[in-house]
Number of protein chains: 2
Amino acid sequence: MPNFISDNHLFHNPVEFAMSKIGGTYKMPILWRIKDKAWRYSELAASIPHISHRMLSKCLKELTEDGFITKEIFPEVPPRTEYSITERGKKASEIIAILRNYGAELMQDYGIKSH
Amino acid sequence: MPNFISDNHLFHNPVEFAMSKIGGTYKMPILWRIKDKAWRYSELAASIPHISHRMLSKCLKELTEDGFITKEIFPEVPPRTEYSITERGKKASEIIAILRNYGAELMQDYGIKSH
């Protein structure tokens, strides 16, 4: 596949493009949580190990702008903010499921146990 | 999934582990080429855009040590070195195929054409 440019960024193949949208340390863990039900910001912050508020906010903003999740603010006191999966995010979560299974198989292949 | 340590590196989930083995800019492009036939170092260097010799050597060494490819040296004059896929590498290439298809779908979803 030839190179292509998106958002002023040069990509060499479709995997690079996909990883620019859902790669990195935190976006897959976020999508993996949100895929089945809406999550509040504070729930995500408490659930994802070692994530800073700055990083969580950045990831949620990018995932929202990129159309993988939606942000809904409920006018309560105090206001409640929830993040939900979109159709694009659901497709991504199917890929994440495949990668998780593959990673688990690879760990087994290497004789690594998680505990 | 709880955290786990492999090679003195802390991982938080199986995707991180898989990406530590086949992630980054160049390992998937290398595996994707080698999956169907043996490639020589010089062929890979000429085929993969922008890869430095230092980076290509590093990736080939790690993929060999991690059991995704094998290196064979033929005692000719000058010696010929070929890299071939292993069973572990074949499984990885199936995941790469899925990621490539997903990336291409996502590009289409975004209205991005490559050419």
Side-chain angles (χ1 to χ4, degrees), chain A residues 1-7 9-33 47-51 65-68 86-89 91-115, chain B residues 1-7 9-33 47-51 65-68 86-89 91-115:
Chain A
M1 164 170 288
N3 299 343
F4 60 99
I5 289 174
S6 170
D7 274 342
H9 190 94
L10 177 69
F11 296 97
H12 302 98
N13 59 62
V15 178
E16 270 185 20
F17 181 73
M19 287 300 127
S20 78
K21 296 297 181 190
I22 63 168
T25 305
Y26 294 114
K27 286 184 177 172
M28 290 195 201
I30 291 169
L31 289 169
W32 191 247
R33 282 163 177 77
S47 167
I48 298 171
H50 312 300
I51 196 165
E65 287 171 356
D66 285 335
F68 292 92
T86 62
E87 278 307 309
R88 183 177 283 170
K91 275 190 198 165
S93 75
E94 290 166 19
I95 297 300
I96 297 168
I98 290 168
L99 282 174
R100 284 178 64 92
N101 288 339
Y102 173 66
E105 272 177 38
L106 197 61
M107 285 168 60
Q108 207 164 30
D109 197 13
Y110 275 90
I112 297 166
K113 280 176 193 151
S114 69
H115 49 93
Chain B
M1 165 171 285
N3 299 343
F4 60 98
I5 289 174
S6 170
D7 273 342
H9 190 93
L10 177 68
F11 297 97
H12 303 98
N13 58 61
V15 178
E16 270 186 20
F17 181 73
M19 287 300 127
S20 77
K21 296 298 182 190
I22 63 169
T25 306
Y26 294 113
K27 285 184 178 172
M28 290 194 202
I30 291 169
L31 289 170
W32 191 247
R33 283 163 176 76
S47 166
I48 298 171
H50 313 298
I51 196 165
E65 286 171 358
D66 285 335
F68 292 91
T86 63
E87 278 308 308
R88 182 176 283 170
K91 275 190 197 165
S93 74
E94 290 166 20
I95 297 300
I96 297 167
I98 290 168
L99 282 174
R100 284 178 65 90
N101 288 340
Y102 172 67
E105 272 177 38
L106 197 62
M107 286 168 60
Q108 208 164 30
D109 198 12
Y110 275 89
I112 297 167
K113 281 176 192 149
S114 70
H115 51 103

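Letters go in sequence order (proteins before strands), and every chain restarts at 1.
Contact count versus chain A (heavy atoms, under 4.5 Å) is highest, among B:Gly103, B:Gly67, B:Ser6, for B:Gly103. Ranking B:Thr25, B:Ile96, B:Asp109 against chain A, the residue ahead of the rest is B:Asp109, based on heavy-atom pairs under 4.5 Å.
Using a distance-only test at 3.5 Å, with no hydrogens or angles considered, a donor-acceptor pair links the side chain of A:Asn13 to the main chain of A:Val15.
Rounded to the nearest 0.5 angstrom, A:His9 NE2 and A:Ser20 OG are separated by 6.5 Å.
With a 4.5 Å cut-off on non-hydrogen atoms, B:Tyr26 does not touch chain A at all. Heavy-atom distances place the side chain of A:Ile22, and not its backbone, under 4.5 Å from chain B. For a residue to count as touching a neighbouring chain, one of its non-hydrogen atoms must lie under 4.5 Å from one of that chain's; by this rule B:Ile95 touches chain A with the side chain only. Only the side chain of B:Glu105 comes within less than 4.5 Å of a heavy atom in chain A; its backbone stays farther off. For A:Asp66, the parts sitting under 4.5 Å from any heavy atom of chain B are the backbone and the side chain alike.
Counting heavy atoms from C-beta on, the side chains of A:Leu10 and A:Glu16 never come closer than 4.5 Å. In this structure, B:Trp32 and B:Leu99 have side chains that are not in contact, with every pair of non-hydrogen atoms separated by 4.5 Å or more.
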For this session: Go through the steps to decide whether B:Phe17 and A:Arg100 satisfy the test side chain to side chain contact (heavy atoms under 4.5 Å, CB included), and finish with yes or no.
Result: CA-CA 9 Å; B:Phe17 181 73; A:Arg100 284 178 64 92; over 6 Å; no
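Cation-pi geometry between A:Lys21 and B:Tyr110 is met: the NZ or CZ atom falls under 6.0 Å from the ring centre, inside 45° of the normal.
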